[in-house]
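Letters A, B, ... are given to chains in the order of the sequence lines, protein chains preceding strands, and every chain is numbered from 1. Note that this is a predicted model, so its numbers are computed, not measured.
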Number of protein chains: 2
Amino acid sequence: MVILTPAEHRALERLEERERPLRRGGALIRENDRTTEMFVLRRGTMMSSVLLDDGSRQILRFLFPGDMLAVSSLVYRESPETITALTDCVVCPFERSAMASLIRDHPRLAALIMVYNQIERAALTDRLAALGRTSAKARVAAILIEMRNRLRMMDKEIGASFTLGLTQEEIGDATGLTAVHVNRMLRQLEEDGLIAREAGRVTFHNERALARAANYVDRYAGLDLSWLPSAS
Amino acid sequence: MVILTPAEHRALERLEERERPLRRGGALIRENDRTTEMFVLRRGTMMSSVLLDDGSRQILRFLFPGDMLAVSSLVYRESPETITALTDCVVCPFERSAMASLIRDHPRLAALIMVYNQIERAALTDRLAALGRTSAKARVAAILIEMRNRLRMMDKEIGASFTLGLTQEEIGDATGLTAVHVNRMLRQLEEDGLIAREAGRVTFHNERALARAANYVDRYAGLDLSWLPSAS
DNA sequence: CGAATCCTTGAGAGATGTCAAGCATGGTGG
DNA sequence: CCACCATGCTTGACATCTCTCAAGGATTCG
């Protein structure tokens, strides 16, 4: 999509020099932790979430290889969110001061990071609109499509059928529903003929109708990066 | 908070060279408009929103002087959101290519823009958690506090009493509720002794309890910008 | 094999939406 | 200056959606 210069490649690789493994279920960062590190997710899937006073949890985002984690430590002394591994993972930690030099020395990479932030922002606002204004069934359908599409970006083999890798409680925490109601909505999607399920695998039987039910928009499409600074 | 060099000041001022007035209710950008412009809001308050298939609206964010508008045109050919004036406004348009040169020539400003994006992100995730996991009453309380705090950033005179400047329908579109239910929640907050209302003015009678009811976090506090590149 | 998790289903409760009507307010044209 | 209209607010009755609680079945892991 954008061709990086060798120097830019090296700068990005320097962010990924160190590796840290993380066990399934392990927390990389907890809310209110003090940290000045950021991370690149290299392998596995993670999620970021917040806990509310009453003990309920809201999942903000699912994270996939290539995503930057804990960018908020650029700004906040204490982390506003918890970051947890959904599968065994490998992350690459780097100090936020590395971000300062990267911005100074590689303006085009700085611009690309802004682009990345905007894509993430669009995904968050889509979820916001879903929580505010769509039905439980639509929200569950949206999560299914989102997960399939992100998984497919890592593995081109994935088609209409994939392993979701989320419990119904996690789907509920992402969609603002209870696990019980998620279960009912999955069954309804099945009865509507939109999906099939077996042993943790989901199969889309009518992807078009599912996307329509979910109000789904692909935020990795429709990009226009022609304004980027030229390679220096 | 951060002291800018004269050159940095000039660079920011260049973004605000031109002015465009906007009437109350007018749209600066509509969803799916093609635009390559961005804006700085100079005067007035605005909102950004999306429309769903069924005609319902979700307000994503309220915008105040100093905010950057339409940053998504850095990324998307077509705008993912509508931006509308809540009061008479003045905006300063600039081409997104100006952003490219600003990033190249002023790394510290680029870093500050990233900081700004992260603050906005935190505000969005707070709203997300509110929509997903808090009661109608809490969401309405949260909007009241948010509006008061942002208005107070422009006008230090504002204390416990302020003019909200939103219709109950707009509060509903921001909180994912119907206007009717917003009305009932406002009444309840009043009966609980947390607020008083008259002629569009809201007065906080028990701000601490209100903030508690709303799960409110001030995202403009707790910043740590010590990592920023040094002034060059 | 036993103990956790996770999933599934039912019944009833609670929160929020829908519809409908009336009231208040402010702006506007006659 | 007044009558009228559009907009927004308020309230009640009822419908619908989602949650809560509870129980049992399935699956995985040690």
Side-chain angles (χ1 to χ4, degrees), chain A residues 23-26 47 52 54-59 84-88 130-144 163-192 195-202 213, chain B residues 23-25 47 52 54-59 84 86-88 130-144 163-192 195-202 213:
Chain A
R23 215 41 94 41
R24 172 167 194 262
M47 65 179 180
L52 282 82
D54 65 353
S56 63
R57 177 176 69 169
Q58 175 68 45
I59 294 178
T84 320
L86 287 168
T87 65
D88 291 348
L131 289 195
R133 289 300 189 205
T134 74
S135 69
K137 201 199 282 193
R139 287 181 245 166
V140 171
I143 287 284
L144 295 181
T163 302
L164 184 53
L166 298 176
T167 66
Q168 294 181 356
E169 179 160 10
E170 285 160 350
I171 299 176
D173 286 345
T175 53
L177 301 168
T178 57
V180 172
H181 205 58
V182 167
N183 182 287
R184 292 195 238 267
M185 294 303 103
L186 286 170
R187 181 148 44 75
Q188 277 196 27
L189 289 171
E190 206 165 14
E191 284 167 3
D192 295 349
I195 65 170
R197 294 180 298 152
E198 47 163 344
R201 283 189 77 77
V202 175
Chain B
R23 214 42 92 41
R24 172 168 195 263
M47 64 178 181
L52 283 82
D54 65 353
S56 62
R57 178 177 68 169
Q58 175 67 46
I59 294 178
T84 320
L86 287 167
T87 65
D88 290 349
L131 289 196
R133 289 302 189 204
T134 75
S135 69
K137 201 199 281 191
R139 286 181 246 166
V140 171
I143 285 285
L144 295 181
T163 303
L164 183 53
L166 298 175
T167 66
Q168 294 181 355
E169 179 160 10
E170 284 160 349
I171 299 176
D173 286 345
T175 53
L177 301 168
T178 58
V180 172
H181 206 57
V182 167
N183 182 286
R184 292 196 242 265
M185 294 304 104
L186 287 170
R187 162 167 320 289
Q188 278 195 29
L189 289 171
E190 204 165 16
E191 284 167 1
D192 294 348
I195 65 169
R197 294 180 298 152
E198 47 163 346
R201 283 189 78 75
V202 175

When you look at CD of Glu198(B), are more than 12 heavy atoms from neighbouring residues, nucleotides or ligands closer to it than 6.0 Å? no

More than 12 non-hydrogen atoms from neighbouring residues, nucleotides or ligands closer than 6.0 Å to CD on Glu169(A), yes or no? no

Reckon [X] has a side-chain N or O less than 4.0 Å from the OP1 or OP2 of [N]?
| X | N | value |
| --- | --- | --- |
| Asn183(B) | dT10(D) | yes |
| Thr178(A) | dC19(D) | yes |
| Gln168(B) | dT7(D) | no |
| Arg197(B) | dT10(D) | yes |

Name the nucleic acid region contacted by Gly200(A), choosing base, sugar-phosphate or nothing; use a 4.0 angstrom heavy-atom cut-off, strictly under. nothing

Does Arg184(B) reach a base, just sugar-phosphate, or nothing at all? Heavy atoms under 4.0 Å. base

For the residue pair Gly176(B) and Leu131(B), what are the closest heavy atoms and their distance? N-CD2, 4.2 Å

Between atom CD in Glu198(A) and atom P in dA26(D), what is the gap in whole Å? 17 Å

When rounded to whole Å, the CD to C1' distance for the pair Glu190(A) and dT8(C) reads 12 Å

Please step through salt bridge (charged side-chain N to carboxylate O under 4.0 Å, His left out) for the pair Asp173(A) and Arg57(A), ending with a clear verdict. CA-CA 6 Å; Asp173(A) 286 345; Arg57(A) 177 176 69 169; 2.6 Å; yes

Walking DNA chain D from its 5' end, the first of Ala199(A) and Arg139(A) to be reached, judged by nearest nucleotide, is Arg139(A)

